[in-house]
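First up is the structure itself, then whatever we jot down about it.
Every heavy atom of this structure was used, including side-chain atoms; hydrogens, water molecules and symmetry mates were not. Computed from a prediction, not measured in an experiment: that's the story for all the values here.
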Amino acid sequence: LETIILMFLWPSVAMFYFGFNFGWGEILPDRYTGYIMAGVGELIAYFMCVCLIGWLGRRRAMIVMFLGAVLTYLIAIPDVEFGRGWNLESVSCLYGITFVSGAYSGLFLWTGEIAPTTHRGIVFSSCCGI
């Protein structure tokens with residue numbers, strides 16, 4: 001059952017993650033600034049992931065990261081302009097990449113812990129390959 005849940009979570013997190021990372025040219029006014037800020041957001045996410053997992057535990061930390069990603073997607077829906085090409089969508093996507101990257105790294109760690117040592121390679125490849 002846990003492997004089937006992981007098979008559902010891997011593609012959904014991958015869609016979140018790559019949806020954010022492939023769209024910076026259209027989301028932000030300057031493509032290069034977007035990629036730099038996304039890289040900084042990912043670095044923050046990796047430290048945030050470790051701290052959240054140590055503080056809340058694996059499951060609660062994953063719930064917080066998924067809910068943070070969903071909230072940033074919902075916040076991005078209204079069309080609100082801030083000026084100079086920045087809008088609510090671009091700002092919320094910069095926050096969202098932090099939550100999504102944290103969820104992606106947390107899911108990677110979680111998969112390694114759930115799968116037994118003898119089946120870890122099969123579980124990883126079946127979850128990633130969907």
Side-chain angles (χ1 to χ4, degrees):
L1 181 65
E2 292 169 342
T3 305
I4 293 173
I5 292 171
L6 287 173
M7 286 180 174
F8 172 74
L9 288 176
W10 271 87
S12 61
V13 171
M15 283 188 285
F16 269 136
Y17 182 78
F18 293 116
F20 275 124
N21 278 332
F22 288 147
W24 291 117
E26 289 81 26
I27 293 173
L28 296 175
D30 182 22
R31 178 181 303 177
Y32 302 108
T33 304
Y35 280 110
I36 288 170
M37 293 178 84
V40 170
E42 286 193 33
L43 285 175
I44 293 169
Y46 298 139
F47 291 113
M48 180 185 74
C49 176
V50 172
C51 293
L52 274 177
I53 287 173
W55 183 46
L56 297 174
R58 258 237 212 251
R59 288 185 184 182
R60 288 189 189 108
M62 290 297 292
I63 290 170
V64 166
M65 287 184 270
F66 272 111
L67 287 178
V70 167
L71 286 175
T72 55
Y73 266 119
L74 292 175
I75 290 171
I77 292 173
D79 189 22
V80 178
E81 287 288 327
F82 294 135
R84 295 187 187 161
W86 288 88
N87 55 14
L88 188 61
E89 178 187 12
S90 57
V91 173
S92 67
C93 284
L94 289 173
Y95 284 115
I97 193 68
T98 305
F99 288 109
V100 172
S101 296
Y104 205 41
S105 61
L107 189 62
F108 189 83
L109 293 171
W110 199 15
T111 304
E113 286 186 359
I114 287 178
T117 305
T118 56
H119 298 88
R120 192 165 293 149
I122 296 170
V123 171
F124 263 111
S125 61
S126 62
C127 290
C128 293
I130 288 184

(request) Check whether any side-chain heavy atom of Trp110 lies under 4.5 Å from a side-chain heavy atom of Arg59, and answer yes or no. (result)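 In contact.
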(request) Work out which heavy atom in Met65 is nearest to a heavy atom in Cys49; give both atom names and the distance. (result) CE-SG, 4.1 Å
(message) Which heavy atom of Ile75 sits nearest to which heavy atom of Leu88, and what is that distance?
(response)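 Distance-wise, the nearest heavy atoms are O-CD2, 3.1 Å.
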For residues 95-105, which side-chain N or O atoms pair as donor and acceptor with protein atoms under 3.5 Å away, sequence neighbours left out?
| from | atom 1 | to | atom 2 | distance (Å) |
| --- | --- | --- | --- | --- |
| Ser101 | OG | Ile97 | O | 2.9 |
| Ser105 | OG | Ser101 | O | 3.2 |
| Ser105 | OG | Gly102 | O | 3.1 |

Do [X] and [Y] share a hydrophobic cluster (ILVMFWY, side-chain heavy atoms under 4.5 Å, transitive)?
X     : Y     : value
Ile77 : Val70 : yes
Leu94 : Val80 : yes
Phe66 : Ile5  : yes
Val50 : Met48 : no

Rounded to the nearest 0.5 Å, what separates atom [atom1] in [X] from atom [atom2] in [Y]?
X     : Y     : atom1 : atom2 : answer
Ser92 : Tyr73 : OG    : OH    : 9.5 Å
Ile4  : Leu9  : CD1   : CG    : 12.0 Å
Met62 : Leu56 : CE    : CG    : 12.5 Å
Ser12 : Phe8  : OG    : CZ    : 5.0 Å

Through direct or indirect side-chain contacts below 4.5 angstrom among Ile, Leu, Val, Met, Phe, Trp and Tyr, which residues connect to [X]?
X     : value
Met15 : none
Ile44 : Val40
Ile36 : none

(request) Please test Val123 against Thr111 for side chain to side chain contact (heavy atoms under 4.5 Å, CB included), starting from the C-alpha separation and ending with a verdict. (result) CA-CA 8 Å; Val123 171; Thr111 304; 4.0 Å; yes
(message) For Tyr17, give me all partners under side-chain hydrogen bond (donor to acceptor under 3.5 Å, both in side chains), at least two apart in sequence or on another chain.
(response) Asn21, Glu42
(request) Can you sort out the partners of Thr72 under side-chain hydrogen bond (donor to acceptor under 3.5 Å, both in side chains), two or more places apart, ordered by chain and number? (result) none
(message) By the definition side chain to side chain contact (heavy atoms under 4.5 Å, CB included), identify the one residue from Leu52, Leu109, Ile63 that meets it with Arg58.
(response)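 Running side chain to side chain contact (heavy atoms under 4.5 Å, CB included) over Leu52, Leu109, Ile63 with Arg58 returns exactly one hit, Leu109.
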(request) Step through the shown structure and confirm whether more than 12 heavy atoms of other residues, nucleotides or ligands are within 6.0 Å of OH on Tyr32. (result)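 Counting neighbours around OH of Tyr32, 12 or fewer heavy atoms of other residues, nucleotides or ligands fall under 6.0 Å, so no.
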(message) One pair to check against side chain to side chain contact (heavy atoms under 4.5 Å, CB included): Leu6 and Trp10. What are the steps and the verdict?
(response) CA-CA 6 Å; Leu6 287 173; Trp10 271 87; 4.3 Å; yes
